Amino acid sequence: MKNKSFYNWIVTLFILSFPISLFADDDIDPHPTDDDPLPGAPIDTALIYLIIIGIVFAFYVVQRQKKINKI
């Protein structure tokens, strides 16, 4: 069981770290500076709330799974 848990953590870390490598490339053709930057996506304003909700949901699922396995 511990081996499967370790495998799940490794897969999770790999999936979370993969998008980071997409932004590691430098811009070969730099764009001219704009006086008017593009606005951020509307999800940017609620990102902290989404993270908190995700952590609470994950905690709820883990607790529910522990309760089911006890029975």
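Side chains included, hydrogens not; waters and symmetry mates left out as well; all remaining heavy atoms used. The structure displayed is predicted, hence computed values, not measured ones.
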Can you name the side-chain contact (heavy atoms from CB on, under 4.5 Å) partners of Val11, sequence neighbours left out?
-> Tyr7, Ile15

Can you spot which of Ile52, Ile53, Ile51 makes a side chain to side chain contact (heavy atoms under 4.5 Å, CB included) with Ile55?
-> Ile51

Sequence-distant partners of Gln63, side-chain contact (heavy atoms from CB on, under 4.5 Å), two or more places apart = Phe59, Lys66

Side-chain hydrophobic cluster, 4.5 Å single linkage: members besides Leu13 | none

